[in-house]
Trainee: 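The structure's right below; bear with me while I get my questions together.
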Amino acid sequence: MDEFYLCAMRRVRVRFAPSPTGGLHLGGVRTALYNYLFAHQHGGDFVLRVEDTDRTRFVEGAEQYIIDCLEWSGISPDESPAHGGSYGPYRQSERKELYRQYAERLVADGHAYYAFDTPEEIEALRERLKSEGRENLQYGHQSRMLMKNSLTLTEAQTQELLKSNTPHVIRIKVEPGINIKFTDLVRGEIEMSTDTVDDKVLLKADGMPTYHLAVVVDDHQMQISHAFRGEEWLPSAPVHVLLYQYLGWESEMPCWAHFPLILKPDGNGKLSKRDGQRLGFPVFAMEWDDPNLGLIAGFRELGFLPQAFINMLAMLGWNDGTGKEIFSLGEMVDAFRIDRVHSHGAKFDFEKAKWFNHEWIMKLEADELVSYVLPWYEKEGYDVSEKDVVKHIITMVKDRCTLLSDFISQSSFFFKKPEVQMELISGKWNEKKTAFFKALIEKWTAMAGWAHDDLEHSFKAIASEMEIKPGELLLPLRVILVGGKFGPGVFDISVILGKKETLERIQAALGML
RNA sequence: GGCGCGUUGGUCAAGGGGUUAAGACGCCUCCCUUUCACGGAGGAAUCACGGGUUCGAAUCCCGUACGUGCUACCA
C-alpha cells in the first residue's frame, strides 16, 4: 500500500495506449474506462497515446475509430493525438527519434547491446535446437554469448557493422539472478526472478522501439503516475521495472495495475473478435470494417445505449461491494476503487449485457431517451415531426424494449398500418363480434371527443348491451390496431392513433373476417 | 516444456476464521395486468480436490488438478 500512497502524492496522470490495428473491443474499452474513472476520481489527466510502432500491423482509420469509440462511450481523453496536450506528440511513430537516444544510453551504460542476428538466423537456430529436442531458444543470458552481438564481437567489429549500416536491433541485457518486486494495485506484491526473462528487443531494425522501450520512455516523459493495462502484460513487467532502474527513473516509476481478461462465454480463453461472429454478439463498441472479416456491427449498431455499455463493462471486473449494479458514469467515478478490481477474468455474458441495456432504457429521462430512439425511427422513415407524440410513444413502450432496435417492433404500428395476424382472432370470431365492431364504429364515429375514458366507457357499454364479455373483444381490437398480442393499453393506443386511423383499421379488419 | 496469474451456483459475484454462504443475470412457478412487458412473491442451483493449522476453514498455509496469459524485431 505504501507504493499506492507514493503514487497518490503525485498528480494523477493515466494513459490508455492502444495500438491502431483494428476495432476497439470490449477489453480495450474497459481498460480505457477504468483509466477514465481513476483519472476523474483523482482530478487527474486521462491521456490517449497511440502505440503505432508496428508498421506491418497498422490499419488505416483505426486511430480515428478509437477516438470515436471513446467519445461515443462518453469517456473521451483529456490529451490525445486529436486534442493535443502539453506532453505530445501522442503518436509513438512521431516520437521515433526519442527512443533511439535512450536505447543508445542503455548500451553505453552496459545495460543493452547491439545484436546483428537476423530474424532468419534466430529462427533457424530455434528450429535446429527444437529438432535436437532442446527447449525453446530464449535470447537471454544463457544464449546471448552464442549470438552475433556487441557482446561477442570486438568493439572494432561492432563499430564496423554499425558504420556499414548493417541491420541490427538493440536488446536489453537482463542480469540474471535478480528478484524483481513491485506492487500491483489489483494483485498485491508481485515477485519474479530475472532468470526467466529474456533479452527483449528494445529498438527494432527499422529504428522503431518495441512496446517495452516505448512504454517506459513515454510513461516517464508523459509523467504517467499509474500504468494500467491488461493481465497479458504481467510476465513482461519485470523488463519494464528493470528499464526504469537502468534508466535511473526508478523513483518516478508509475504504480502498476494489471486488469483481468474478458473471456469467451463458452469454454475459456481471451475474448476475440471472431467469437462475436461465432456466437452472435458484438465485441466492438461500434461498427468496424475489418479487412479480413468484413463489416462487423458493434454494440452501438445493435441498439445499445452508451450508458449501458460502459456500465456493463465496468461490472465485468469490478463492483463496489454493495450489490449495486446500475451506475451512471458519474456514480462510477465516485465509487470506483482500483483495489476492488478483480484479479481473475470474467466470461462475457451477452444476456446480462442486454439486461443492463433494458435497465438503462427504463431509467433514462424521456428527453434523453428520445434522442437515442429518434435516429432509429428516422432510419425507418417514420414521421417524427410531432415531438410530443413521439416522446409519448417512446415512454409508453420503453418497458418492453431491451435494445433500441426493439422500439421499431414495439411501436411501428403507431407510424404505419400493421400487418395484422388475423389468425390470432379469426378462430374465435363470430357474428356477434362483427355486430359489436359495427356498432362500435358507429358509436365512435358519432362521438364528439376522443379521450381515453370516453373510448373505454363507450366500448364497455356496447359490450354489456350486447352481452359480450369485454375480454373477448379487447384482444381482437388490440390485434386489429397493433397487429399482434403485445403493446400498451388499447385505448391509449387508440388515442394516439386518432379517430380516423383507428376507425380505418377496424373497418379494414372487418373486411378481412 | 518454462514462468506468471487465477479458481464461490450455468454466468456475473459478495463474503477474507464462527453467516441459514448476500445479491444480480438466465431458467421455473405464482400474483398483478381482460395482451405483451414492467412490478411483486417464491423455487431449483455453489465454496475445484487433498492435506495441514485451528475448538472451528469458503476464508490462513502447502500440495495437486484445472483454467488462462506470456514465452516475436506484435502490442
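Because the structure is predicted, anything quoted here is derived from the model rather than measured. In what follows, chains carry the letters A, B, and so on, assigned in the order in which the sequence lines appear, proteins first and then strands, with residues in each chain numbered from 1.
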Trainee: Can we call the ring centroids of Phe436(A) and Phe459(A) under 6.0 Å apart?
Mentor: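 Yes, they do, as the ring centres are separated by less than 6.0 Å.
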
Trainee: With a non-hydrogen cut-off below 4.0 angstrom, is Pro488(A) in contact with a base, only sugar-phosphate, or nothing?
Mentor: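 Here Pro488(A) touches the bases of the nucleic acid.
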
Trainee: Which nucleotide, if any, forms a Watson-Crick or G-U wobble pair with rA75(B), using both distances under 3.5 Å?
Mentor: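 None - no nucleotide pairs with rA75(B), as no candidate has both distances under 3.5 Å.
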
Trainee: What does Gly345(A) touch in the nucleic acid at a heavy-atom separation under 4.0 angstrom: a base, only the sugar-phosphate, or nothing?
Mentor: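 No contact.
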
Trainee: Give me the distance, rounded to whole Å, that separates rC47(B) from rG15(B) when you measure between the C1' atoms they each carry.
Mentor: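 Rounded to whole Å, the distance is 11 Å.
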
Trainee: Centroid-to-centroid, His240(A) to Tyr211(A), below 6.0 Å?
Mentor: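 So the answer is yes for these two rings.
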
Trainee: When you measure from the side-chain N and O atoms of Lys347(A) to the phosphate of rU11(B), is any distance below 4.0 Å, counting only OP1 and OP2?
Mentor: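 So the side-chain polar atoms of Lys347(A) do come within 4.0 Å of the phosphate oxygens OP1 or OP2 of rU11(B), strictly under.
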
Trainee: Measuring only the P atom in each nucleotide, how far is rC60(B) from rC70(B)? A whole number of Å is fine.
Mentor: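 That atom pair is separated by 28 Å.
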
Trainee: Partner of rC70(B) by Watson-Crick or G-U wobble geometry, both contacts under 3.5 Å, or none?
Mentor: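 Checking every strand shown, rC70(B) finds its partner in rG2(B), with both distances under 3.5 Å.
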
Trainee: According to a strict under-4.0 Å criterion, is Asn319(A) in side-chain N/O contact with OP1 or OP2 of rA14(B)?
Mentor: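 It does, given that an N or O in the side chain of Asn319(A) lies less than 4.0 Å from OP1 or OP2 of rA14(B).
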
Trainee: At 4.0 Å (heavy atoms only), tell me whether Leu234(A) reaches a base, stays on the sugar-phosphate, or touches nothing.
Mentor: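 Counting heavy atoms under 4.0 Å across all strands, the contact made by Leu234(A) is with sugar-phosphate only.
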
Trainee: Should Arg171(A) be listed as having a side-chain N or O under 4.0 Å from OP1 or OP2 of rC73(B)?
Mentor: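 Yes, because at least one side-chain N or O of Arg171(A) sits under 4.0 Å from OP1 or OP2 of rC73(B).
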
Trainee: Could you tell me which nucleotide pairs with rC49(B) by Watson-Crick or G-U wobble geometry, both distances under 3.5 Å, or answer none if nothing does?
Mentor: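 For rC49(B), the partner nucleotide comes out as rG63(B), under the 3.5 Å rule.
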
Trainee: Could you go through nucleotides 18-25 of chain B and list every protein N or O atom that sits under 3.5 Å from one of its N or O atoms, giving the distance for each pair?
Mentor:
unit_1: rA24(B); atom_1: O4'; unit_2: Glu325(A); atom_2: OE1; d: 3.1
unit_1: rA24(B); atom_1: O2'; unit_2: Glu325(A); atom_2: OE1; d: 2.4
unit_1: rA24(B); atom_1: O2'; unit_2: Glu325(A); atom_2: OE2; d: 3.4
unit_1: rA24(B); atom_1: O2'; unit_2: Lys352(A); atom_2: NZ; d: 2.7
unit_1: rA24(B); atom_1: N3; unit_2: Lys352(A); atom_2: NZ; d: 3.2
unit_1: rC25(B); atom_1: OP1; unit_2: Trp355(A); atom_2: NE1; d: 3.3
unit_1: rC25(B); atom_1: O4'; unit_2: Lys352(A); atom_2: NZ; d: 3.4

Trainee: Please state whether the phosphate of rU35(B), meaning OP1 or OP2, lies under 4.0 angstrom from any side-chain nitrogen or oxygen of Arg400(A).
Mentor: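 Result: no.
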
Trainee: Under 4.0 Å, heavy atoms only, any strand: does Asp320(A) hit a base, just the sugar-phosphate, or nothing?
Mentor: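 Contact class for Asp320(A): none.
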
Trainee: Considering every strand and a 4.0 Å limit on heavy-atom distances, what is the contact class for Arg229(A): base, sugar-phosphate, or nothing?
Mentor: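 The answer is nothing, as Arg229(A) stays clear of every strand by at least 4.0 Å.
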
Trainee: Indicate whether OP1 or OP2 belonging to rA13(B) is found under 4.0 Å from a side-chain N or O atom of His344(A).
Mentor: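 Yes, within the criterion.
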
Trainee: Before you tell me yes or no, could you show the steps for Asp54(A) and Arg57(A) under salt bridge (Lys or Arg N to Asp or Glu O under 4.0 Å), namely the whole-Å CA-CA distance, both residues' side-chain angles and the distance that decides it to 0.1 Å?
Mentor: CA-CA 6 Å; Asp54(A) 185 352; Arg57(A) 295 209 308 158; 3.5 Å; yes

Trainee: Got Lys391(A) and Ile394(A) here, is their nearest side-chain heavy-atom distance under 4.5 Å?
Mentor: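 When only atoms from C-beta onward are counted, Ile394(A) and Lys391(A) do not touch, as no gap falls below 4.5 Å.
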
Trainee: Scan every strand shown for a Watson-Crick or G-U wobble partner of rG16(B), both distances under 3.5 Å, and answer none if you come up empty.
Mentor: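 Check on rG16(B): unpaired, no WC or wobble geometry under 3.5 Å.
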
Trainee: Remember a base hit wins even if backbone is also touched, and classify Lys270(A) as base, sugar-phosphate or nothing at under 4.0 Å, heavy atoms.
Mentor: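 It contacts sugar-phosphate atoms only.
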
Trainee: For RNA chain B, find the residues of residues 200-213 of chain A with a heavy-atom distance under 4.0 Å and give them by number; none if there aren't any.
Mentor: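 Of all residues in residues 200-213 of chain A, the ones placing a heavy atom under 4.0 Å from RNA chain B are Lys200(A), Val201(A), Lys204(A), Ala205(A), Pro209(A), Thr210(A), Tyr211(A).
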
Trainee: Which part of the nucleic acid, if any, lies within reach of Ser19(A) when heavy atoms closer than 4.0 Å are counted: base, sugar-phosphate only, or nothing?
Mentor: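 Here Ser19(A) touches the backbone only, sparing every base.
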
Trainee: Below the 4.0 Å mark, does rA13(B) have OP1 or OP2 next to a side-chain nitrogen or oxygen of His342(A)?
Mentor: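 Yes, because at least one side-chain N or O of His342(A) sits under 4.0 Å from OP1 or OP2 of rA13(B).
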
Trainee: Output the rounded distance in Å from CE (Met147(A)) to C1' (rC73(B)).
Mentor: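 Distance check: Met147(A) CE to rC73(B) C1' gives 13 Å.
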
Trainee: Could you work out, with side chain to side chain contact (heavy atoms under 4.5 Å, CB included) as the rule, every residue matching Thr194(A), not counting sequence neighbours?
Mentor: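 Thr194(A) satisfies side chain to side chain contact (heavy atoms under 4.5 Å, CB included) with Val174(A), Ile178(A), Ile180(A), Leu242(A) only.
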
Trainee: Counting Watson-Crick and G-U wobble pairs only, both distances under 3.5 Å, name the nucleotide matched with rA41(B), or none.
Mentor: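 rU29(B) - that is the nucleotide pairing with rA41(B), both distances being under 3.5 Å.
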
Trainee: Hey, are the side chains of Val47(A) and Phe16(A) touching, using non-hydrogen atoms and a 4.5 Å cut-off?
Mentor: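 Of all side-chain heavy-atom pairs linking Phe16(A) with Val47(A), none is under 4.5 Å.
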
Trainee: Show every donor-acceptor pair shorter than 3.5 Å between a side-chain atom in residues 483-494 of chain A and any protein atom, with sequence neighbours excluded, or say none if there are none.
Mentor:
unit_1: Ser494(A); atom_1: OG; unit_2: Val490(A); atom_2: O; d: 2.8

Trainee: Hey, would you say the Phe327(A) and Trp318(A) ring centroids sit under 6.0 Å apart?
Mentor: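 Close enough - the centres of the two rings lie under 6.0 Å apart.
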
Trainee: Could you state the atom-to-atom distance from CH2 of Trp318(A) to P of rA14(B) in whole Å?
Mentor: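 About 11 Å, once rounded to whole Å.
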
Trainee: For Thr118(A), answer base if it contacts any base atom (sugar-phosphate contacts may also be present), sugar-phosphate if it contacts only those atoms, and nothing otherwise; contact means non-hydrogen atoms under 4.0 Å.
Mentor: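 Here Thr118(A) touches the bases of the nucleic acid.
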
Trainee: Does a nitrogen or oxygen in the side chain of Arg57(A) sit under 4.0 Å from OP1 or OP2 of rA72(B)?
Mentor: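 Arg57(A) to rA72(B) OP1/OP2: no side-chain N or O under 4.0 Å.
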
Trainee: Is there side-chain contact between Leu481(A) and Phe414(A), with at least one heavy-atom pair below 4.5 Å?
Mentor: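 Side-chain contact under 4.5 Å: no.
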
Trainee: Report all interatomic pairs (protein N or O, nucleotide N or O of nucleotides 61-66 of chain B) with separations under 3.5 Å.
Mentor:
none

Trainee: What is the distance, to the nearest angstrom, from the NE2 atom on His258(A) to the P atom on rC70(B)?
Mentor: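 That distance rounds to 13 Å.
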
Trainee: Under a 3.5 Å limit for both distances, which nucleotide forms a Watson-Crick or G-U wobble pair with rA24(B), could you say?
Mentor: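 When the pairing criteria are applied, rU11(B) turns out to be the nucleotide that pairs with rA24(B).
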
Trainee: Run the numbers on Leu203(A) and Arg100(A) for side chain to side chain contact (heavy atoms under 4.5 Å, CB included), then give the verdict.
Mentor: CA-CA 7 Å; Leu203(A) 201 72; Arg100(A) 173 130 221 144; 3.4 Å; yes

Trainee: Looking only at atom P, what distance separates rU29(B) and rU71(B), rounded to whole Å?
Mentor: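 Going atom to atom, P in each nucleotide, I get 50 Å.
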
Trainee: Excluding sequence neighbours, so at least two apart, what forms side chain to side chain donor-acceptor pair (under 3.5 Å) with Lys433(A)?
Mentor: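 Lys433(A) satisfies side chain to side chain donor-acceptor pair (under 3.5 Å) with no residue once adjacent residues are dropped.
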
